[in-house]
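Working notes, structure below.
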Amino acid sequence: METFTFVLILFFLLLAWYYSEYRFRFQSISKFPGPKRIPFFGNALMFIGKKPSEILTIVEQLHREYGNVLCLMMGSQPEILLTSPEDVEVVLGSSKLIKKSDEYDFMTDWLGTGLLIASGLKWFQKRKITTPAFHLQILDQFVEIFDKHSAIFVKNLAKSEGHSIDVFQPITLCALDIICETAMGIEIHAQANSNSDYVRAVKEMSNLAMARSVNFFLRNKIIYKFSSMKRRQDKLLKILHGFTDDVIISRREELIKNQEISQNKKKKMAFLDVLLQSTIEGKPLSNMDIREEVDIFMFEGFDTTSSGIAFCLYNLAKYPAVQKKVFEEIIKVIGADKDKSVTLTNLNDLKYLEMVIKETLRLYPSVPAYGRKMVENVEINGKLIPRGTNIGIGPYFMARDASLWKNPLEFIPERFSTNESQYHPFLHVPFSAGPRNCVGQKFAMLEMKSVVSKILRNYEIQVDSDFKLVLLFEVILRPENGVFLKMIKRK
Ligand code: HEM
């Protein structure tokens, strides 16, 4: 009987705690603008059964209607999209608000709790060991790899010269060749063998993560466990993890056998080699720790740059005057010899191309939105955000906001010239900002400059008048039906 009374008291205490917690959360949240919520589901039903391109339209419309603090309830889970740079600064600039939002949990089966997802001390340690992998000396040796795979891409274009082709697919394969060689030190020849299971698995896995994040039912762990999506995920993970495991094991063996990396200074250091030689509190990283980081490089480092390059080419085709200016800069910096290899200095000197890429990432940010979870009640410029809220930061929505940018939908690279760039430091955040910004930002810029400049040295790009760009709002922003362009060989 005593046990029964104890359990009963505990039950009512828990119920009272849950009620007060929920009421506090609900009362704080109800002050924020957003569409009408219905009991139990909140706003979740708006997204059920919608395609990623439709989700983008819905959120864009809501953002226009409700402004720069948009509150949605996914069941009882509050999600607030912040788009004013002052609010974004409070979140991204904080070294305390670094916990990722719930949506990232849908990626942990694949990416574990590596750098992208980790929080607290674990994140700090991982950031410390990963940062040296992006040192300028390491990036310098990658320029040759960028150039080699860009040259293969350009060579393959000869087959479709003068015709309209979807450049997105071959760019994805080029970026995959680059990331495999730089992250893992292996050549997978994706551009020669486009039917790779690994390539398909990477893409499908990020589609699944997005589809799950907007599905009210599948967000629930138990329902998900028994879903057909989970069964598909398990099959994909076998391919993805199997691939990286094999590479890590053979690379570690090679390292032990030959001590090759320390003796032969000329050998290129892949990110994986840097991790194999790293320690946390004096201990080397386990294969599992390393796999998490390599998988994150593979995920973050290839889809993001593929989209960036494809959207950049699309804009260059759409704005011939911009393309002409970029081409003239390339001739000035690299010279007229189309076969000459580029150097790190060349790439750094392509300043106008850099502005073009920044403007591309403004309108088409490869990571259209990212999020943080508030682990305590936080005041953001006078707004009390209750603990447990997921905060979304949306560079995609910020770029289209006429109160933030002049002529927001126009492609104007000059916005980023040093004379013009007087904008708020947290207004243009495609690589995020603050302590958790993108560790691969310099790598990505160099890769995108290398591939785009190689293409422009060899081809003039024109739009296909029948083609209409449709955007897919997934974890990574992609073109739904590719990017069709005409490539005209330069004399
Ligand atoms: C156009 C290219 C890229 C864009 C737009 C981009 C964007 C971003 C953004 C927005 C974040 C923050 C995400 C968040 O807060 O959840 C991020 C984080 C990260 N990115 Fe990138 N990224 C790009 C390329 C790369 C590349 C090439 C690599 C590696 C080779 C990379 C590695 C990472 C890693 C490891 C993180 C996690 C950093 C941390 O949490 O401390 N990214 N990236």
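Ligands are counted one by one from 1 in listed order, and the atoms in each one are counted from 1 as well.
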Write 'none' if nothing qualifies; otherwise put on separate lines each N/O atom of ligand 1 with a protein N/O atom under 3.5 Å away and their distance to 0.1 Å.
unit_1	atom_1	unit_2	atom_2	d
ligand 1	15 (O)	Lys100	NZ	3.4
ligand 1	15 (O)	Arg372	NH1	3.1
ligand 1	16 (O)	Lys100	NZ	2.9
ligand 1	16 (O)	Tyr104	OH	2.3
ligand 1	20 (N)	Glu300	OE1	3.3
ligand 1	22 (N)	Glu300	OE1	3.4
ligand 1	40 (O)	Leu115	O	3.3
ligand 1	40 (O)	Arg436	NE	2.9
ligand 1	40 (O)	Arg436	NH2	3.3
ligand 1	41 (O)	Trp123	NE1	2.8
ligand 1	41 (O)	Arg127	NH1	2.7
ligand 1	42 (N)	Glu300	OE1	3.4
ligand 1	43 (N)	Glu300	OE1	3.2

Check your understanding: Are a donor atom and an acceptor atom from the side chains of Asn346 and Thr343 found within less than 3.5 Å of each other?
Key -> yes

Review point. Between Asp109 and Gln233, do the side chains contain an N or O donor and an N or O acceptor separated by less than 3.5 Å?
Key: yes

Tell me if the [atom1] atom of [X] is crowded by more than 12 foreign heavy atoms within 6.0 Å.
{"X": "Gln137", "atom1": "CD", "result": "no"}
{"X": "Met288", "atom1": "CE", "result": "no"}
{"X": "Lys442", "atom1": "NZ", "result": "no"}

Exercise for review: Please identify each residue that fulfils side-chain contact (heavy atoms from CB on, under 4.5 Å) with Asn381, with sequence neighbours left out.
Suggested key: Glu86, Asp87, Val90, Lys383

